[in-house]
Each structure stands twice: as C-alpha cells, then as structure tokens.
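Okay, so here's the structure we're looking at.
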Amino acid sequence: MTTFASGTTASNSENDSLTRDALTVLQPGFTGTKAPDWLLRRLGEGLASVGLFGRNITSREQLSELTAQLRAEREDVLVAIDEEGGDVTRLEVRTGSSFPGNHALGAVDDVHLTRAVAHELGRRLAECGVNFNWAPSADVNSNPANPVIGVRSFGAGTALAARHTAAYVTGLQSAGVAACTKHFPGHGDTAVDSHHALPRIDVDASVLHERELAPFRAAIEAGTKAVMSAHILVPALDPDRPATLSNRVLTDLLRGEMGYDGLIVTDGMEMRAVAGTYGIERGSVLAVAAGADAICVGGGLADEETVRRLRDALVEAVRAGELPEERLADAAGRVRALARWTAAAASHRPGAGDEEVGLRAARRALRVTPGETFIPFTPLTAPPYVAALTPVANIAVGDETPWGVAAELAHLLPGTLTGTFAGDDAGREILGAAGDRRVVAVVRDEHRHPWMAAALDALLAARPDTIVVEMGVPQASPRGALHIATHGAARVCGRAAAEAIAGTGIPTA
C-alpha cells in the first residue's frame, strides 16, 4: 500500500495511474538556466510539460542546451514559453524583441505579414527546442484603459483581431510550434490586471459572442492546438466563478457551443485573481473539473513543493469524489496528444528563415505625424537628449526588458544622452537635464497616465521642437514637432523610430 500526505492509501496501480495523470496535467516552471534534478525526476514520473520564463534564458545556445537536457529525460516533453514578441518576450528578455507585437501587426493590417512574422518567431523557437508557445493574444482591446492587454492586442476591431489571430496561429504552427490562443473568453474589456485582482466584464452575452469570441472562433477554425483561459468574471456567462474555474465557460461554451477539441490551458494559477480567492490547490482542482486540461504554474511559484502540492491536491480530489477520475484522465490524454503532435512536427521543421521580417514589420507599423508649427521637420544630425517617461510595467511585460529609442539613436547619432522620468515634476526635470539639446520624449500609453500628459504639456510649452514617440497604444492626440506612433516597445520598434528621427529610414504608411 502507498501512503499519501493526507494519510489516505491506495494500491500501487491506482497510485501510479492517478499520480502520473496528475503530474501530466501540470505545466510548472523552475529557476535557473539548467533543469534541476527534481524536475528531471518528475519528468520520469509522468510530468509532460515544462514552462520557461525569462529567468531561464540567457541566449539561444543556452536555451538549446536546456531543452536538449529536458528532452534527454523525456523525448516528447512539451516545452512551453510566453513569447508574444513585442513587449512580452522571453527569448530576448535582456535585449528586447526582434519582432513587433500584435498591435503593430494590426496597425499594418497585412495578414500575410502577420503570418510571416509568426512563422519566423516559431522557427526560432523550434530551432531552440521550444515547441509550445502561450501566444497569440486574441483579446479585442475594446477598453483603452486596459492595464494589461494594450499593445498585446491586434487592436480594438473585432474583425481585425480575428483575421490576424488566425494568421498568427497558422504561421506559428507552420513552424512546428503549437499555438495557445489567449485569454479566453477575452480579456480586452477590462480595467483590472488579473495578476493582481479579479477583473469583471459586465456586457451582454450578445456583445460577448459578437466581439470577444469572434477571434477565438477564427483561431479554432485555423486549428489552434491550445486555448488559454482567463482569470476573469463574466456574469453573462457565469455569475459565480471566473472563466478558468467555470464549467459553463470551458465545457459548455468552448467545448460544446464552439466545438473546440484541443488542449485548454489555464493562465498562471498563482495570479491573485484565482490564488487570492481559492488558493492554487483548490483552484487547480476546480479548473480541471471545469474542463481545463493543463495547469500553468511557475511564473511566481517555481519549486518542487508547488508541483507536489498540486499533484497531491488533484489525486486526493479524485479519491474524495470531487474530481471525476475520467475527467483527469481525459485532461492528461489531451496533453499527451499535443506532445505527440509536436514530436511529429519536429521531424519536418523549416530550415533557413527570414531574419529581417520583424524589422520590416516594425517599419511598416510606424505612423508619423508632423507638428502644426508650419516648420517642416528635418532629420536630426546632432545627438539629442532622449527623455523616457516610464510608467510601472505590468507583470506580463516585466521590467527587465529594455525599451525606448535611446540605444538605437545612439548608434545613429553617437553622443545621444538619455534619462528616465516619472511623476509630477517630470517635465521640469527633463528641461533641466536636457540643456540645449533637442529633446526626444518617449512615452507609453500617454492617455492612461495623467502625470505623463502633464509632463508633455510642460515640455512642449517650453520646447515646442520636442519630438514625441508614443510606444504604447496611440490614443492621445499626436503632438510635438514630430509625433511617431510605433504601436509597441519592441527593440525593432525603437530602431524604426530612430531611423525616422535621424532620417535614415523611410516610414511606410
């Protein structure tokens, strides 16, 4: 007999079956750039997925070595990553992404370009041994005040988001990497970040079906291998439980009404929207019971004890009759089915790629608006002062990834200086720091930050020749001697803006 932590017992065969299935549905993370012994041991015991984050990656070469280490223990392991390109990058967390994010692709509105960008991003992931990407974001950014989606969305138009979501899924999976379309049933119309609290969407079911669900239908039609649930409360669908824990949302709607038969993955279970109310153990049990097949955890809780706790919670829920054994077995079966797909896809991955497609997309996404001073803008030839008006980064984006235009301008105009500013005195501080240099003010989501708008007011009143670069969602009216909207803060977006400022690139409308 085998004794569980709770004091219950089970036969070896029952224990092996249940514990393997319980481990199979987990997608844990870990710390470090090499797989720890406990993780390799769990792979041998039934764990089928591993989630990677920025802390696990230093270079493509190191990532390839890490995934080879995992695959030596389990050949068909799902190696997952949160690589959206744009603001949310793990592959290039320390340099900024080579690909513009969804909002820039939506601004260009060329589905062939979106497919090409997603294919190249997938090719690079596959080359490093990553075969499962928690992307794309299919959220319709209908609420400009949204603090967590923003430039991660293709845009505020439903049809726009739908066609580019489908193109992204197709491009990514053509490179042999499984797409995970998120955040079902749609996180765009929220003003709360689910990393911190439980957002609520109060719209009629008819609006949800016409707006939020349309991109997910497009993703399903395109064959997305996975869908990620959102930790949001949608009373029109379920007034009591957030989508991740809702049978009405995951089983009745997604599986039943929408006909989706692939893998359903939860958003990070340690996010406060679930963990702060249900706890990760109870939340994981409820999620699997509701229809989720894989439990994402590891962004914050990345240790063996977390894996053990969740495994035991699932096993004990089955034994207590709270979670049907066949539901857990079905979930584990879907994980293994996706693992088989990725293993097969690995045998015919594409070879050489298109290294410049991300930069070309970023250049096409620029929107350049001349000022109203009646003085034609002439490219800068002297090194400017770049003032970055920096808001607090949300958890999905993180604060370790560099952004802005200063580094790229310094390559084109050596001697460029830069500073970071925030708060009510930012405008005055910038004027003092810049001296006689031309000012380039870089902002993100000016419309969401009153202090940022006030700083630009003060700066432009004193220095009307200031160039303004908006690297978030361009909701505020263009102003400055030149206004450049990049539709994202990826490294290539900064380069495209720097080229426009220095006159070395020709923005494409």
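Every value quoted in this text rests on a predicted model; they were computed, and no experiment measured them. Heads up: numbering here begins at 1 and tracks the sequence.
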Summary of salt bridge (charged side-chain N to carboxylate O under 4.0 Å, His left out) pairs that have at least one residue in residues 279-291, sequence neighbours excluded: E281-R309, R282-E322

Using residues 284-301 as the side-chain source, report each donor-acceptor pair under 3.5 Å to any protein atom, sequence neighbours left out, with the distance given to one decimal.
from	atom 1	to	atom 2	distance (Å)
S284	OG	I280	O	2.7
D293	OD1	R327	NH2	2.8
D293	OD2	R255	NH2	2.7
D293	OD2	I264	N	2.9

Those residues that, when tested against F154, pass ring pair (Phe, Tyr, Trp, His ring centres under 6.0 Å) (two or more places apart): H164

Qualifying residue, where the test is side chain to side chain donor-acceptor pair (under 3.5 Å) with H231 and the options are T244, T266, D267, T277: T244

Partners meeting side chain to side chain donor-acceptor pair (under 3.5 Å) with S246 (sequence neighbours left out): D238

Contact check, side chains of V234 and P185, non-hydrogen atoms, under 4.5 Å: yes

Check: T306/D303 side-chain N/O donor and acceptor closer than 3.5 Å: yes

If you look only at distance, which donor and acceptor atoms sit under 3.5 Å apart when one is on a side chain in residues 31-39 and the other is two or more places apart or in another chain?
none

Side-chain heavy-atom pair V177, L121 within 4.5 angstrom cut-off: no

Carboxylate-amine/guanidinium contact R367 E470, below 4.0 Å: no

NZ/NE/NH1/NH2 to OD/OE distance under 4.0 Å, D109 and R163: yes

Side-chain ion pair, R217 and E221, N-O less than 4.0 Å: no

Member of L66, T89, I81 meeting the side-chain contact (heavy atoms from CB on, under 4.5 Å) criterion with I57: I81

Lys/Arg N to Asp/Glu carboxylate O, R336 vs D21, below 4.0 Å: yes

Sequence-distant partners of R311, salt bridge (Lys or Arg N to Asp or Glu O under 4.0 Å), two or more places apart: none

